[in-house]
There are 2 protein chains.
Amino acid sequence: MTWTTDGAKEGRREIKRRQTRERIEEAAMSLFLERGFDATTIEDIAERAEVSKRSFFDYFPSKEEVVFAWQDGFADHLMAAIASRPADEPAVKAVQHGLVGAIVSAADERAMALGELIRRTPTLKARDQLKYAKLELKLTEALKARSRSDEERLRVRLLAAVVIGALRAGGELWNEQPPGTSLETFAHQFFGDFWKTLADFGNEGQGR
Amino acid sequence: MTWTTDGAKEGRREIKRRQTRERIEEAAMSLFLERGFDATTIEDIAERAEVSKRSFFDYFPSKEEVVFAWQDGFADHLMAAIASRPADEPAVKAVQHGLVGAIVSAADERAMALGELIRRTPTLKARDQLKYAKLELKLTEALKARSRSDEERLRVRLLAAVVIGALRAGGELWNEQPPGTSLETFAHQFFGDFWKTLADFGNEGQGR
DNA sequence: TAAAATCTTGCACTCGGTGCAAATATCTCT
DNA sequence: AGAGATATTTGCACCGAGTGCAAGATTTTA
């Protein structure tokens, strides 16, 4: 009997299971990046991962999930990042710093390739939008946990909506940036503009 | 040979084609609302519309498209509504009024049922998110057409992102509203809060 | 009315995804 | 170590979405 560092039991069974899962993920990703998402069949993946087609579905409910399971960690990471900001920091700033932190630490080689894949695959692009919706939901939760007053609900929801909007617009803008630009610098600059613009919109929207 | 009011030729061929398309749409929608989206097969639809399964795909590229083809008009309607606002109106206000107008005139019985259907069908919910992305794109275009200065690009993009965010949050909120509430009243009130909140966010985001 | 253009259909096929039951591997307990 | 419980993997048969193609029906044009 084997024990992991955190004291949980992990027999041969779960070891193999984890390895198989990783093998499938690896096989799928490499195939997607090689030939594209649509041109890769589940049997291709199963073959490379040395499992049966049927077993693929024991690990992932669909082809798309292989792509997005990977990304799901981001949302949790973001929530944690926000929760760890000082309690007296205004919500707006906590989101900004939490978000920038989470993005910077998530933006590696692999993530970029994945982004490219998603961007050029219509099916995935549609599904990708759902990610933002989920993120908005989680963000709302994370913010609610921070705010003491209960009637701030609408504000919190709007903040989440607006910030996710910024994330999308900012992401697009980032993709148009010349390569070699520092993501961190860009993000800070972007948020600077963003808050300023938001204030303008707010003021124009009210009587002026 | 028959002529439509706008002077375009319309022979028996396009008449029938239009009718067939309408029949399919009608059949699909009624079945979706009766038994749900997933429980309806394309053959069910084809049968009720009295065409072959194969012909269904001559009219719609997928089952989902039947649902969303209907909604696509909204985006164009919105663009037109914004374009028709007075040129000296600030962009922010033009969007608000264009949007509220477009929403109010699109919110009929059918649209509500459709919204319900989408909300309770995961597949459609995912696809529905894409609608917002498209809307944001079109909105950006519509706004660019209004702005003279060229360096306003970022502002315009952000405005679109933020407004679509508001649309989503507002839509959710609206669905939580007690029935019988006036959509128009709600929309105006919502935007009132919205701009104010935006200004707050903007100010907090900058040094304060 | 004949030929050209277009529309509809049936058919065979691919792929994603599911249910089920048999076979295989792992774990537990003695 | 070995028997029996438990979990995993697999093959197989199946369904529904969606496509390509070619033959047949309909409409248009001349």
Side-chain angles (χ1 to χ4, degrees), chain A residues 1-4 8-25 27-29 31-32 34-69 121-124 126-127 130, chain B residues 1-4 8-25 27-29 31-32 34-69 121-124 126-127 130:
Chain A
M1 212 177 272
T2 322
W3 300 78
T4 55
K9 201 190 308 188
E10 192 182 51
R12 204 184 312 293
R13 211 160 243 171
E14 25 277 287
I15 292 180
K16 275 191 115 179
R17 206 170 162 77
R18 211 195 52 237
Q19 288 176 338
T20 304
R21 190 189 163 90
E22 279 163 12
R23 240 168 41 238
I24 293 178
E25 202 168 324
M29 284 307 185
L31 282 167
F32 291 161
E34 275 170 34
R35 0 179 148 157
F37 183 80
D38 292 321
T40 303
T41 77
I42 295 203
E43 282 198 286
D44 293 338
I45 300 170
E47 197 180 340
R48 184 171 291 192
E50 294 176 295
V51 290
S52 69
K53 173 195 163 188
R54 195 62 189 76
S55 286
F56 173 93
F57 290 105
D58 277 352
Y59 288 88
F60 296 94
S62 77
K63 217 166 100 176
E64 291 176 8
E65 275 312 300
V66 186
V67 178
F68 291 101
T121 312
T123 326
L124 296 180
R127 171 60 205 266
L130 196 59
Chain B
M1 212 177 272
T2 322
W3 299 77
T4 55
K9 201 191 309 188
E10 191 183 50
R12 189 170 276 98
R13 208 159 245 169
E14 25 277 284
I15 292 180
K16 275 188 115 179
R17 206 169 161 78
R18 211 195 52 237
Q19 287 176 339
T20 304
R21 190 189 162 89
E22 280 163 11
R23 240 168 41 237
I24 293 178
E25 203 168 322
M29 283 307 183
L31 282 167
F32 291 162
E34 274 170 35
R35 358 179 149 157
F37 183 79
D38 293 321
T40 303
T41 77
I42 294 202
E43 283 198 286
D44 292 338
I45 300 170
E47 198 180 339
R48 185 171 288 192
E50 295 176 294
V51 291
S52 70
K53 172 193 163 189
R54 195 63 189 74
S55 285
F56 172 92
F57 290 104
D58 277 353
Y59 288 88
F60 296 94
S62 77
K63 217 166 99 176
E64 291 176 9
E65 275 312 300
V66 186
V67 177
F68 291 101
T121 311
T123 327
L124 296 180
R127 171 58 205 266
L130 195 60

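Both backbone and side-chain heavy atoms feed into the values below; hydrogens, waters and symmetry mates do not. First the proteins, then the strands, lettered A, B, ... as listed; each starts at 1.
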Is there a donor and acceptor pair closer than 3.5 Å between the side chain of A/R54 and the base of C/dG17?
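Between C/dG17 and A/R54, which were checked side chain against base, a qualifying N/O pair under 3.5 Å is absent.
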Report yes if a donor N or O on one partner sits less than 3.5 Å from an acceptor N or O on the other, where the partners are the side chain of B/K63 and the base of D/dG16; otherwise report no.
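No pair found.
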Rounded to whole Å, please give me the gap between [atom1] in [X] and [atom2] in [N].
| X | N | atom1 | atom2 | result |
| --- | --- | --- | --- | --- |
| A/E64 | C/dG17 | CD | C1' | 12 Å |
| B/D58 | D/dG20 | CG | P | 12 Å |
| B/L31 | D/dA17 | CG | P | 12 Å |
| B/R35 | D/dG16 | CZ | P | 12 Å |
| A/E43 | C/dG17 | CD | P | 13 Å |
| B/R13 | D/dT29 | CZ | C1' | 10 Å |
| A/I42 | C/dC15 | CD1 | P | 11 Å |
| B/F60 | D/dG18 | CZ | P | 13 Å |

List the atom of [X], the atom of [Y], and the distance in Å for their closest heavy-atom pair.
| X | Y | value |
| --- | --- | --- |
| A/D44 | A/A39 | OD2-O, 4.0 Å |
| B/F57 | B/S62 | CE2-CA, 4.4 Å |
| A/D38 | A/T123 | OD1-OG1, 3.9 Å |

Closer than 4.0 Å, any side-chain N/O of A/S55 to the OP1 or OP2 of D/dT9?
no
Closest-nucleotide 5' rank along DNA chain C - winner of A/D38 and B/S52:
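Taking each residue's closest nucleotide, the earlier one in sequence belongs to B/S52.
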Test side-chain contact (heavy atoms from CB on, under 4.5 Å) on B/R127 and B/L130 and set out the steps.
CA-CA 5 Å; B/R127 171 58 205 266; B/L130 195 60; 3.9 Å; yes
For atom CD of B/E47, decide whether the heavy atoms of other residues, nucleotides or ligands shown that lie under 6.0 angstrom number more than 12.
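No, because the 6.0 Å sphere around CD of B/E47 holds 12 heavy atoms or fewer from other groups.
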Is the shortest side-chain N to carboxylate O distance from B/R18 to B/E14 below 4.0 Å?
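A salt bridge is absent here (no side-chain N lies under 4.0 Å from a carboxylate O).
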Among the nucleotides [options], which one has an atom lying closest to any side-chain atom of [X]?
| X | options | result |
| --- | --- | --- |
| A/R17 | D/dT8, D/dA17, C/dG17 | D/dT8 |
| B/Y59 | D/dA17, C/dC7, C/dG16 | C/dC7 |
| B/T41 | C/dT9, D/dG16, D/dG18 | D/dG16 |
| A/F57 | D/dT9, C/dG17, C/dT9 | C/dG17 |

[Y] and [X], any side-chain heavy atoms less than 4.5 Å apart:
| X | Y | result |
| --- | --- | --- |
| A/K63 | A/F32 | yes |
| B/E25 | B/F60 | yes |
| B/F56 | B/E43 | no |

For DNA chain C, the residues among residues 44-51 of chain A that have a non-hydrogen atom under 4.0 Å from it
none
Which part of the nucleic acid, if any, lies within contact of B/T40, taking any heavy atom under 4.0 Å across all strands shown: a base, the sugar-phosphate backbone alone, or nothing?
sugar-phosphate
Under 4.0 angstrom, heavy atoms only, what part of the nucleic acid is B/K53 near: base, sugar-phosphate, or nothing?
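Base contact.
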Tell me every residue that passes side chain to side chain contact (heavy atoms under 4.5 Å, CB included) with B/A46, counting only those two or more places apart in sequence or in another chain.
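Scan of B/A46 (side chain to side chain contact (heavy atoms under 4.5 Å, CB included), adjacent residues dropped) gives B/V51.
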Estimated bend of the helix from C/dT8-D/dA23 to C/dT30-D/dA1 (axis per five terminal pairs, rounded to 10 degrees):
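Axis angle across the helix from C/dT8-D/dA23 to C/dT30-D/dA1, nearest 10°: 10°.
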